[in-house]
Amino acid sequence: MPELPEVEHARLCLVRWTKGRTIAAALVMDARVVHGGAAAGLPARLAGRRITGLRRRGKWLEVTLDAGPRFYSHLGMTGKWVSRPVDAPAERFEKARLELVRGKVRTSVRYVDPRVLGRMRLEEAEPAFWRKLGPDPLHDGVDPRALGERLARTPRSIKEALMDQALLAGVGNILATEALFAARLDPRTRADSLDARTVKALARAIEATIARSLALETGPEITYVSEARAENPFSVYGRGGEPCPRCKAPLRRVVQGGRATVFCATCQRPRV
DNA sequence: AACGGAACCTGAAAGC
DNA sequence: TGCTTTCAGGTTCCGT
């Protein structure tokens with residue numbers, strides 16, 4: 001589900017819901033959401049810890065604690081955190097829960113994940129998966145020179161390269177698809193064939209697409225395109241067969257690296 | 001090292 | 001109506 005904009009929205013929600021509060025109790029209803037064999041020990045290791053803040057790198061969240069282990073959360077495809085009154089009934093697909101306390105006020109944040117592709121991890125030191133993430137486009141911006149250098153080293157398609165979390169952290173299928181449309185760049189173009197001018201246009205398109213997606217994330221919770229009542233807000237993602245919003249030619253759908261790509265074969269070209 | 005493909009999971013929507 | 005197939009915004013592992 002979530003890519004950088006949704007995860008950033010989740011981070012901002014979690015800051016409001018959890019920062020400065022103490023974990024009175026942690027519950028794991030489905031051990032599969034806790035990776036690294038830490039499910040059984042998670043409640044004891046988190047109980048009593050105070051949440052000092054929330055960091056995000058790409059699609060990963062770190063719930064920073066006053067002491068003890070490092071606590072990471074990845075939302076996978078369908079994971080989300082929600083805030084509920086302590087006595088509210090369990091959510092459908094609820095997999096884990098943090099009961100929080102500050103003074104006399106008790107609250108509850110719950111991790112919901114139907115497909116269980118998301119994960120939490122407890123780590124003693126900064127883990128390799130976090131260190132290996134590339135620059136975060138929102139936090140660090142997209143530097144065209146650095147991006148160009150990385151792209152020049154891979155013969156993959158530009159679409160597949162953009163989704164490589166070591167190259168840029170947080171770009172997923174939607175962002176890659178939309179940014180390539182915004183840049184008018186054919187997703188099948190080899191990454192190592194792009195000239196500097198094209199890379200620059202692409203870098204700007206990625207930043208603009210993230211800013212636009214972020215602006216859509218206004219509600220008090222995380223929402224996904226696929227959820228009921230949510231209208232597809234994207235230009236081409238999920239619109240295979242529909243007319244291109246720019247030139248009206250029918251949008252094509254192809255599969256790259258096992259993921260669907262929608263693009264306009266008429267106005268998206270091998271170079272910009 | 002680098003690639004494609006499958007696995008991990010389950011629900012919703014589309015097809016028959 | 002109900003059964004089957006397809007698809008889904010992610011990561012990781014496995015074999016070549």
Side-chain angles (χ1 to χ4, degrees), chain A residues 1-10 29-37 39 56-61 72-81 91-96 111-121 127-134 137-138 150-181 187-188 190-192 206 209-210 212-214 216-217 221-241 253-263:
Chain A
M1 76 133 89
E3 302 185 22
L4 189 155
E6 290 92 340
V7 181
E8 175 63 10
H9 183 234
M29 291 80 148
D30 187 332
R32 293 174 300 176
V33 301
V34 184
H35 285 223
R56 181 191 56 76
R57 192 142 153 193
K59 302 169 195 171
W60 276 97
L61 288 167
Y72 296 91
S73 167
H74 191 296
L75 302 175
M77 296 264 269
T78 53
K80 65 157 77 172
W81 287 94
E91 297 294 301
R92 193 181 180 202
F93 311 122
E94 184 177 331
K95 305 298 180 186
Y111 181 68
V112 179
D113 189 351
R115 287 178 67 185
V116 207
L117 295 173
R119 59 203 57 187
M120 295 173 211
R121 299 193 69 103
F129 69 77
W130 182 271
R131 224 171 28 241
K132 284 181 194 161
L133 293 169
L138 184 63
R150 293 298 302 269
L151 293 176
R153 281 191 265 142
T154 176
R156 286 176 299 179
S157 71
I158 183 60
K159 164 75 173 351
E160 290 172 87
L162 286 181
M163 292 175 62
D164 181 344
Q165 300 301 295
L167 206 138
L168 276 181
V171 176
N173 202 27
I174 293 181
L175 278 181
T177 298
E178 292 288 297
L180 287 163
F181 176 75
R188 301 166 299 180
R190 275 177 62 134
D192 60 9
I206 293 167
T209 304
I210 288 171
R212 198 150 50 90
S213 299
L214 218 40
L216 297 173
E217 300 286 338
E221 289 190 1
I222 311 167
T223 50
Y224 299 107
V225 173
S226 56
E227 285 179 309
R229 301 195 311 279
E231 188 114 331
N232 178 353
F234 302 111
S235 298
V236 294
Y237 173 80
R239 296 190 185 280
R253 181 186 182 280
V254 296
V255 174
Q256 298 179 283
R259 315 298 299 280
T261 304
V262 178
F263 70 108

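Order of the sequence lines fixes the chain letters, A, B, ..., with proteins taken first and strands second; residue numbering starts at 1 for each chain.
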remark   = Protein heavy-atom contacts under 4.0 Å, written 5' to 3' over nucleotides 1-8 of chain B as B (base), S (sugar-phosphate only) or - (none), form the string --SS---B
Interatomic distance where [atom1] belongs to [X] and [atom2] belongs to [N] [whole Å]:
X       : N       : atom1 : atom2 : value
M163(A) : dA8(C)  : CE    : C1'   : 12 Å
D164(A) : dT11(C) : CG    : P     : 10 Å
D113(A) : dC9(B)  : CG    : P     : 12 Å
D30(A)  : dC9(B)  : CG    : C1'   : 10 Å
H35(A)  : dT12(C) : NE2   : P     : 9 Å
N232(A) : dA12(B) : CG    : C1'   : 16 Å
K80(A)  : dG10(C) : NZ    : P     : 16 Å
K159(A) : dG10(C) : NZ    : C1'   : 13 Å

task = Kindly assign one of parallel, tilted or perpendicular to the pair W130(A) and Y72(A), based on the angle between their ring planes and the thresholds 30° and 60°.
result =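 Ring orientation, 0 to 90° scale: tilted.
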To the closest 0.5 Å, what do you measure between [atom1] ([X]) and [atom2] ([Y])?
X      : Y       : atom1 : atom2 : result
L4(A)  : H9(A)   : CG    : NE2   : 13.5 Å
L75(A) : Y111(A) : CG    : OH    : 5.5 Å
R32(A) : K95(A)  : CZ    : NZ    : 5.5 Å

task = Quick one: do L162(A) and L175(A) satisfy side chain to side chain contact (heavy atoms under 4.5 Å, CB included)? Show the steps, please.
result = CA-CA 9 Å; L162(A) 286 181; L175(A) 278 181; over 6 Å; no
request  = Just call it for F93(A): base, sugar-phosphate, or nothing, with non-hydrogen atoms closer than 4.0 Å on any strand.
outcome  =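 It contacts sugar-phosphate atoms only.
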ask   = Which part of the nucleic acid, if any, lies within contact of G172(A), taking any heavy atom under 4.0 Å across all strands shown: a base, the sugar-phosphate backbone alone, or nothing?
value =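 It contacts sugar-phosphate atoms only.
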query = Under a 4.0 Å N-O cut-off, is there an ion pair linking D164(A) with R156(A)?
reply =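 Salt bridge flag = yes for R156(A) with D164(A).
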key: Nearest-Å distance once atom P is located in both dC9(B) and dT4(C)   =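 Between the two P atoms, the distance is 23 Å.
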ask   = Between dC7(C) and dG5(B), how far is it from one P atom to the other, in whole Å?
value =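 My reading of the P atoms in dC7(C) and dG5(B) gives 15 Å.
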task = Tell me whether the OP1 or OP2 atom of dT11(C) has a side-chain N or O from H74(A) closer than 4.0 Å.
result =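 The answer is yes; a side-chain N or O of H74(A) sits under 4.0 Å from OP1 or OP2.
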task = Using a 4.5 Å cut-off on heavy atoms from C-beta on, say whether the side chain of N173(A) contacts that of M163(A).
result =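 A side-chain contact exists here, since the closest heavy-atom pair is under 4.5 Å.
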inquiry  = I'd like to check I206(A) versus T209(A) (side-chain heavy atoms, cut-off strictly below 4.5 Å). Are they in contact?
reply    =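 No, their side chains stay 4.5 Å or more apart.
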ask   = Which dot-bracket notation, 5' to 3', represents the base pairing of DNA chain B when pairs are defined as Watson-Crick or G-U with both distances under 3.5 Å, crossing pairs as [ ], and inter-strand pairs as |?
value = .|||||||.|||||||
query = With R56(A), which residues qualify under side chain to side chain donor-acceptor pair (under 3.5 Å), at least two apart?
reply =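 R56(A) satisfies side chain to side chain donor-acceptor pair (under 3.5 Å) with E8(A), D136(A) once adjacent residues are dropped.
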